[in-house]
Amino acid sequence: MCLPILFLILFGCYEFARANMMRHAVEAAAYEGARTGITPGATVGDVEQSARFVLGTVGVRNVDIDVTPDPIGLRSPTVNVQVRLRMRDNTTIPLLFNQRTQLSGACELNRETGF
């Protein structure tokens with residue numbers, strides 16, 4: 001009788017710990033993408049690749065990455081990266097917990113100027 005309750009608690013703890021890990025990964029991906037984007041000669045593709053690499057380390061799938069400005073020009077003063085994912089697409093136990101949760105992270109950094 002107690003075993004189903006114990007499993008529910010264990011699975012719930014696992015899902016919420018994974019959600020916390022993905023929340024931090026989304027913020028780190030936005031930062032790393034912005035860091036890539038502020039370097040001279042960086043492209044939107046470079047920014048997305050950098051952010052996806054960080055997210056890939058924790059197994060995140062189906063993520064939306066928005067980079068502003070698009071394209072990154074020489075006169076762009078800042079680079080803004082927004083990363084969004086739905087927990088529904090990234091949960092290990094489908095539709096048990098966090099099914100409507102959406103995680104997002106954003107970072108805006110000033111561009112580096114070439115000498």
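Between atom CD of residue Glu15 and atom CG of residue Leu10 there is a gap of 12.5 Å, rounded to the nearest 0.5 Å. Rounded to the nearest 0.5 angstrom, Arg23 CZ and Arg18 CZ are separated by 14.5 Å. Between atom SG of residue Cys13 and atom CG of residue Leu8 there is a gap of 9.5 Å, rounded to the nearest 0.5 Å. Rounding to the nearest 0.5 angstrom, the gap separating the CG atom in Leu55 from the OG atom in Ser50 is 9.5 Å. Taking CG of Asp46 as the reference point, atom OG1 of Thr39 lies at 7.5 Å (rounded to 0.5 Å). From Leu85, atom CG reaches atom CG of Leu103 across 5.0 Å, with rounding to the nearest 0.5 Å.
In Gln102, the CD atom is crowded: over 12 heavy atoms of neighbouring residues, nucleotides or ligands sit closer than 6.0 Å. Other residues, nucleotides and ligands place more than 12 heavy atoms under 6.0 Å from the CG atom of Leu6.
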Listing, residues 58-72 side-chain donor-acceptor contacts under 3.5 Å, not counting sequence neighbours, or none:
from, atom 1, to, atom 2, distance (Å)
Arg61, NH2, Asp89, O, 3.0
Asp66, OD2, Arg84, NH1, 2.9
Asp66, OD2, Arg84, NH2, 2.8

| message | Could you walk me through whether Tyr31 and Val54 satisfy the side-chain contact (heavy atoms from CB on, under 4.5 Å) test, starting with their C-alpha distance in whole Å, then the side-chain angles of each, then the deciding distance to 0.1 Å, before giving a yes or no? | response | CA-CA 10 Å; Tyr31 175 75; Val54 172; over 6 Å; no
What verdict does the side-chain contact (heavy atoms from CB on, under 4.5 Å) test give for Val79 and Arg111, after you've listed the backbone C-alpha separation in whole Å, the side-chain angles of each residue and the deciding distance to 0.1 Å?
CA-CA 7 Å; Val79 173; Arg111 293 215 47 238; 3.6 Å; yes
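Membership of an apolar cluster is not assigned to Met1, as no side-chain contact below 4.5 Å to another ILVMFWY residue is traced.
For residues 30-40, the salt bridge (charged side-chain N to carboxylate O under 4.0 Å, His left out) pairs, not counting sequence neighbours, are Arg35-Glu112.
Val44 and Leu74 end up in different hydrophobic clusters when Ile, Leu, Val, Met, Phe, Trp and Tyr side chains are linked at under 4.5 Å.
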